[in-house]
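For reference, the structure discussed in these notes is given below.
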2 protein chains.
Amino acid sequence: MTVKTAAVLDGGAPSAATSDTSRAVRSIPEATVARLATYLRVLAVLPADAVVSSAELAESAGVKPAGLRKDLSFLDSQGTRGVGYSVRALTDSIRRAIGAGRSHRVALAGLGNLGQALAGYAGFAARGLVIAALFDADPAKIGRRIGDLPIHDIADAPAVCRAEGVTIGIIATPEECAQQVADTLVRGGVRSVLDFAPGPLRVPPGVELRRVDLAVELQILAFHETRRASPVPAP
Amino acid sequence: MTVKTAAVLDGGAPSAATSDTSRAVRSIPEATVARLATYLRVLAVLPADAVVSSAELAESAGVKPAGLRKDLSFLDSQGTRGVGYSVRALTDSIRRAIGAGRSHRVALAGLGNLGQALAGYAGFAARGLVIAALFDADPAKIGRRIGDLPIHDIADAPAVCRAEGVTIGIIATPEECAQQVADTLVRGGVRSVLDFAPGPLRVPPGVELRRVDLAVELQILAFHETRRASPVPAP
DNA sequence: CTATGTGAACTCGTTCACAGCT
DNA sequence: AGCTGTGAACGAGTTCACATAG
């Protein structure tokens with residue numbers, strides 16, 4: 001088998017790159033952050049007072065022991081040599097490093113099937129993510145409620161986001177409105193955006209952008225399928 | 001701003017790694033494949049008889065010209081020096097390389113909100129992906145139809161998948177059943193799996209696995225938010 | 001003697017600069 | 001002159017081996 005670290009795609013600005021509000025904090029590699037989140041989930045199902053070895057954790061998380069230790073070396077981790085890691089201590093440590101400590105307020109724009117799936121997604125709260133506002137542009141949806149949150153008109157996003165202290169935005173709208181929605185959210189003070197809409201999206205410097213493109217994911221699988229069909233071009 | 005190539009997460013087997021049905025085909029880097037898919041989308045909105053420069057395409061796709069050309073260098077691409085790329089020729093070339101040529105049949109397991117969102121997702125057909133079978137374990141859902149496809153009992157997956165010639169499977173079930181569903185699909189001949197369920201998933205060697213973990217994506221944004229809060233530890 | 005922590009080699013991917021067509 | 005194609009430098013991330021602490 002071949003486990004690949006999922007995908008991606010950048011869709012944002014040309015290069016500008018590293019700029020950011022805070023200066024280049026010499027810190028945890030993004031790839032490591034992703035894995036730390038996974039370790040956190042694995043740790044969650046273990047008794048708080050217990051000790052695990054890197055081998056055990058790695059096994060559960062699907063990575064290699066050495067890699068796991070490398071990841072943990074980025075935090076002020078405190079494993080005990082010859083023994084292992086205290087589940088409680090390690091959990092706290094990762095939480096602190098990753099920001100699962102403080103809670104972040106997120107806005108969700110676009111309440112089609114995908115948006116509703118996201119709205120209903122558990123595991124948000126567990127990770128310190130609080131969905132604080134819902135937006136859509138469809139008059140038929142505006143005003144209705146999902147759970148105990150009302151769906152606001154996307155046009156009101158700037159005001160609502162500020163009022164709710166939202167810093168993270170999720171875009172689950174059709175491709176056409178994605179850019180406009182992003183602009184609106186950013187105007188509301190959103191500094192990190194997770195975009196599910198296909199197509200390029202541009203955000204101002206200082207705003208963090210991540211994309212998940214379903215079509216691209218599938219396309220990559222298709223690629224591997226195709227490759228299977230033609231073992232080797234011609235040696 | 002900081003555009004990051006999206007995420008990920010492995011969750012699969014420990015290492016086994018590179019093994020695969022076909023021998024290591026010296027071929028296109030995965031990162032490049034992801035971008036090629038994007039270029040394809042950009043190209044789709046251009047007149048077939050037209051010529052674009054790497055600069056123009058790169059601008060639209062959100063990458064740098066040099067990088068784009070590097071990507072294109074992996075295929076038998078034929079740009080004309082001093083001029084640019086023929087939209088038609090380039091499109092065909094990418095299609096062929098990526099496998100958007102032949103059509104792949106995919107099975108979708110789990111028809112909750114996310115599953116339905118996926119089932120309704122356009123852009124599949126456009127990319128040569130055909131949803132050929134739907135599965136769920138909920139008796140209330142089995143037998144109903146979405147579009148013109150009936151929802152089958154996941155237990156029938158092996159038979160149905162083989163009958164339908166399915167090679168790609170999408171798992172949109174709750175975490176608890178993910179592993180079992182994966183096993184079932186694989187038994188039905190599925191060779192590539194896209195997993196949306198959190199938690200680790202193990203597939204046999206030779207089966208390609210990709211994961212999209214919403215919680216992890218969000219967690220990464222939260223991380224950047226947190227980092228923003230503390231500019232620099234203490235110089 | 002066990003399991004952690006990490007420097008150093010290595011692999012993969014990105015960036016750049018420029019040579020080569022047209 | 002203009003834009004493609006790519007070798008070579010660079011950087012990020014992964015793997016490994018081993019020194020180190022309990």
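Chain naming here is simple, since letters A, B, ... match the order of the sequence lines and numbering starts at 1 in each. Quick note: numbers below take in every heavy atom, side chains included, and nothing from hydrogens, waters or symmetry partners.
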>> Salt bridge or not between A:Glu30 and A:Arg210? Use side-chain N to carboxylate O under 4.0 Å.
In response: yes
> Can you check the A:Leu90 CG to C:dT4 C1' distance for me, whole Å?
Replying inline: 12 Å
>> Output the rounded distance in Å from CD (A:Glu30) to C1' (C:dG13).
In response: 15 Å
>> Between C1' on C:dC21 and OH on B:Tyr85, what's the gap in Å once rounded to a whole number?
In response: 13 Å
> What integer distance in Å separates A:Lys70:NZ from C:dG7:P?
Replying inline: 7 Å
> Of A:Val83 and A:Thr32, whose nearest nucleotide on DNA chain D comes first from the 5' end?
Replying inline: A:Thr32
> Quick one: A:Arg69 CZ to D:dA19 P, roughly how many Å, whole number?
Replying inline: 15 Å
>> Starting the side chain at C-beta, find the nucleotide from D:dG13, C:dT22, C:dG13 nearest to A:Pro29.
In response: D:dG13
> Should B:Ser54 be listed as having a side-chain N or O under 4.0 Å from OP1 or OP2 of D:dC3?
Replying inline: no
> Counting heavy atoms not belonging to B:Arg105, are there more than 12 under 6.0 Å from its CZ?
Replying inline: yes
>> Could you tell me how far apart B:Ile28 (CD1) and C:dC12 (P) are, to the nearest whole angstrom?
In response: 16 Å
>> For C:dT22, does the base pair up with any side-chain atom of B:Arg81 as donor and acceptor (N or O, under 3.5 Å, distance only)?
In response: no
> DNA chain C: A:Gly82 or A:Gln78, which has the more 5' nearest nucleotide?
Replying inline: A:Gly82
> When you measure from the side chain of B:Ser93 to the backbone N and O of B:Leu90, does any donor-acceptor pair fall under 3.5 Å?
Replying inline: no
> Taking only N and O in the side chain of B:Lys64, is any of them less than 4.0 Å away from OP1 or OP2 of C:dC16?
Replying inline: yes
> Rounded to the Å, how far apart are A:Asp71 CG and C:dG5 P?
Replying inline: 12 Å
> What nucleotide, of D:dC3, C:dT4, C:dT14, holds the atom closest to the side chain of B:Ser53?
Replying inline: D:dC3
>> If you compare all heavy atoms of A:Arg69 against all heavy atoms of A:Ser54, which two are closest, and at what distance to 0.1 Å?
In response: NH1-OG, 3.1 Å
> Salt bridge check: are A:Glu217 and A:Arg211 linked by an N-O gap of less than 4.0 Å?
Replying inline: no
> Rounded to the nearest Å, what distance is computed from the CZ atom of residue A:Arg35 to the C1' atom of nucleotide D:dA12?
Replying inline: 12 Å
